[in-house]
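Remarks on the structure that follows.
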There are 2 protein chains.
Amino acid sequence: MAAMEQQEVHERAGGRRRGPSKGDLREQAILRTARGLLADKPLERITVDDLVSGAGISRPTFYFYFASKQAVFEALLDPVGDAIMDVADSWLTSPGGSREELHASLAGLAALWSAHGPLLKVVLREDATGALLECRDRMLGRLAANATARIDRDRAAGLAPDGPPAADLGALMVRLLTQALSDAIGPSGTDPVPPGLLDTLTVVVGRSIYGRTPSDPAPAG
Amino acid sequence: MAAMEQQEVHERAGGRRRGPSKGDLREQAILRTARGLLADKPLERITVDDLVSGAGISRPTFYFYFASKQAVFEALLDPVGDAIMDVADSWLTSPGGSREELHASLAGLAALWSAHGPLLKVVLREDATGALLECRDRMLGRLAANATARIDRDRAAGLAPDGPPAADLGALMVRLLTQALSDAIGPSGTDPVPPGLLDTLTVVVGRSIYGRTPSDPAPAG
DNA sequence: GATAAACTCAACTGTGTGTTGAGTATTCCC
DNA sequence: GGGAATACTCAACACACAGTTGAGTTTATC
């Protein structure tokens with residue numbers, strides 16, 4: 001319960017209460033250490049002691065700045081989540097249904113995975129909890145909602161054939177993309193996304209949404 | 001290092017060395033307890049103490065039968081892995097490229113996920129290690145190899161258009177299927193797979209492999 | 001220069017994994 | 001049936017990691 005109180009204090013002003021700077025440096029040092037360690041080993045193998053010794057502080061000092069190890073990675077993830085939202089929105093608002101445009105959108109996603117691989121892998125993991133889980137659901141939800149809207153729009157315009165409910169198809173495409181990108185960057189999360197993968201994803205997403213097989217209805221208009 | 005020795009003893013005959021039965025009951029009790037607990041909570045929240053008290057033994061007795069908590073779940077997974085291999089092979093050897101046949105194959109996979117959901121989720125997790133990781137790679141590899149062979153065959157027969165390298169496409173389809181099924185059965189891994197998902201997956205896989213968009217080549221023959 | 005808020009830590013608690021060392025039961029061979 | 005090997009069992013450790021306590025020092029503010 002004492003833990004609760006302390007966490008609430010932290011929540012109140014997103015980490016520390018206020019104040020100019022002295023401890024800001026330490027907070028930054030913790031975040032920097034976390035980011036660095038993440039390139040070497042997965043989240044579950046990073047201990048509070050790693051962060052503590054990396055930042056040159058003691059254990060309780062760490063807990064003064066962050067409520068838990070997870071909270072550090074949540075803080076790290078915040079700006080990345082925003083970037084994902086931007087990609088999602090730009091995909092929705094981009095013009096036509098051309099292959100090039102789809103390819104470009106996927107490249108935007110891939111760039112995020114290249115830049116923040118380890119972090120994105122963490123948040124997509126099945127056993128995420130707390131704020132990490134919320135963040136994931138928000139990210140995936142926004143991506144899926146925009147994909148769904150896109151599919152509906154293109155179906156209404158006769159660009160895409162009917163098929164599964166747009167929401168199901170959209171959610172599936174999002175899962176496919178995020179999973180494929182996470183796989184591509186390897187266990188450490190630092191490999192580059194191979195260009196061939198982008199081509200394959202473009203074809204698969206393109207065919208799934210716009211493609212026809214003999215048993216699909218013919219194009220409208 | 002003492003741990004090493006004990007583990008090797010275990011490995012030598014897949015668990016215990018031999019002998020008739022007395023301890024076989026305990027081993028079964030541990031496995032049964034593990035399977036039961038898995039329906040309630042995820043692997044990482046199951047402790048050795050849970051298994052120990054569930055099976056009515058002491059801690060060291062547990063370690064006599066299994067080298068670690070992970071080893072228990074590896075043992076549980078063995079037969080499931082075999083079943084996956086069967087599904088993979090039956091998909092490869094099934095006849096034509098009809099939608100019904102694809103749907104039936106996917107239903108076979110889905111049945112496995114319904115029956116062994118929690119276990120399959122564990123093995124597909126990114127942070128699997130040791131034998132669990134090997135098992136996963138073997139399963140996914142076999143599925144992907146068979147999907148690839150299937151795509152090659154159907155392309156050669158003029159049933160499927162050209163497109164991304166068959167191996168890339170096959171691997172992506174496998175990832176899509178396993179991920180979608182894992183998602184569908186929920187966090188606990190015990191929800192039923194909704195029938196609508198099977199339809200959607202059938203369409204997506206069908207279109208990805210056999211479908212055409214205006215920019216894809218026309219059907220051969 | 002006193003008061004409060006920001007900051008720091010040595011030493012602790014708690015929970016989990018895996019081990020040690022010393023046994024008891026079972027089997028197998030004579 | 002006696003004796004040695006093998007199967008099995010456990011109380012009591014050792015250790016790693018998360019998170020806490022309680023008491024202290026610095027820094028900003030009036």
Side-chain angles (χ1 to χ4, degrees), chain A residues 1-30 33-34 37 41-74 127 129-130 132, chain B residues 1-30 34 37 41-74 127 129-130:
Chain A
M1 57 202 80
M4 274 314 203
E5 283 168 41
Q6 189 177 4
Q7 186 159 356
E8 235 158 7
V9 166
H10 280 154
E11 230 84 278
R12 198 182 301 158
R16 263 162 47 266
R17 300 159 191 83
R18 255 190 334 169
S21 62
K22 166 68 172 304
D24 286 352
L25 293 175
R26 303 231 146 154
E27 188 169 340
Q28 290 307 315
I30 294 171
T33 304
L37 286 171
K41 42 186 172 183
L43 170 56
E44 60 273 5
R45 286 194 40 230
I46 297 176
T47 71
V48 173
D49 278 337
D50 290 338
L51 296 172
V52 152
S53 59
I57 57 177
S58 79
R59 230 181 145 58
T61 299
F62 169 86
Y63 283 100
F64 177 81
Y65 289 104
F66 294 96
S68 68
K69 189 176 68 166
Q70 265 216 1
V72 176
F73 296 98
E74 286 163 17
D127 58 338
T129 53
L132 235 38
Chain B
M1 55 204 79
M4 275 312 203
E5 283 168 41
Q6 188 177 7
Q7 185 160 358
E8 234 156 9
V9 166
H10 280 154
E11 230 85 276
R12 197 184 301 158
R16 264 162 45 264
R17 301 162 191 81
R18 253 187 340 161
S21 61
K22 166 67 171 303
D24 284 352
L25 294 175
R26 302 231 145 152
E27 188 169 340
Q28 290 307 314
I30 294 171
L37 286 172
K41 42 187 173 184
L43 171 55
E44 62 272 6
R45 286 194 40 230
I46 297 176
T47 71
V48 174
D49 278 338
D50 290 337
L51 296 171
V52 153
S53 59
I57 58 177
S58 79
R59 227 180 148 60
T61 299
F62 170 85
Y63 282 101
F64 176 81
Y65 289 103
F66 294 97
S68 67
K69 188 177 68 167
Q70 265 217 1
V72 176
F73 296 99
E74 285 162 17
D127 59 335
T129 54

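Computed from a prediction, not measured in an experiment: that's the story for all the values here. Residue numbering restarts at 1 for every chain, and letters A, B, ... go by the order of the sequence lines.
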4.5 Å side-chain heavy-atom contact, B:I57 and B:I30: yes
From B:R59, B:K69, B:K41, B:R45, residue fulfilling salt bridge (charged side-chain N to carboxylate O under 4.0 Å, His left out) relative to B:D50: B:K41
Whole-Å distance separating the [atom1] atom of [X] from the [atom2] atom of [N]:
{"X": "A:L43", "N": "D:dC17", "atom1": "CG", "atom2": "P", "answer": "14 Å"}
{"X": "A:R26", "N": "D:dT26", "atom1": "CZ", "atom2": "C1'", "answer": "11 Å"}
{"X": "B:Q70", "N": "C:dG18", "atom1": "CD", "atom2": "P", "answer": "9 Å"}
{"X": "B:F64", "N": "D:dT6", "atom1": "CZ", "atom2": "P", "answer": "12 Å"}
{"X": "B:L51", "N": "C:dT17", "atom1": "CG", "atom2": "P", "answer": "9 Å"}
{"X": "A:F62", "N": "C:dA10", "atom1": "CZ", "atom2": "P", "answer": "17 Å"}
{"X": "B:L25", "N": "C:dT26", "atom1": "CG", "atom2": "P", "answer": "12 Å"}
{"X": "A:D50", "N": "D:dA18", "atom1": "CG", "atom2": "P", "answer": "8 Å"}

Minimum-distance nucleotide (side-chain atoms of B:P60 versus D:dC10, C:dT17, D:dA18): D:dC10
Among C:dT8, D:dA18, C:dG18, the one nearest B:S68 by side-chain distance: C:dG18
Sugar-phosphate only, base, or nothing, as touched by A:S58 at under 4.0 Å among non-hydrogen atoms: base
OP1 or OP2 of C:dC9 under 4.0 Å from side-chain N/O of A:T61: yes
Phosphate OP1/OP2 of D:dT9 contacted by B:Y65 side-chain N/O (<4.0 Å): yes
Value rounded to 0.5 Å, distance of CZ in A:F62 from OG1 in A:T33: 10.0 Å
Rounded distance [0.5 Å steps], OG in A:S68 versus CZ in A:F73: 10.0 Å
B:A34 versus B:V72, closest heavy-atom pair with distance: CB-CG1, 3.6 Å
Under 3.5 Å donor-acceptor pair, A:R59 side-chain atoms to C:dA10 base atoms: no
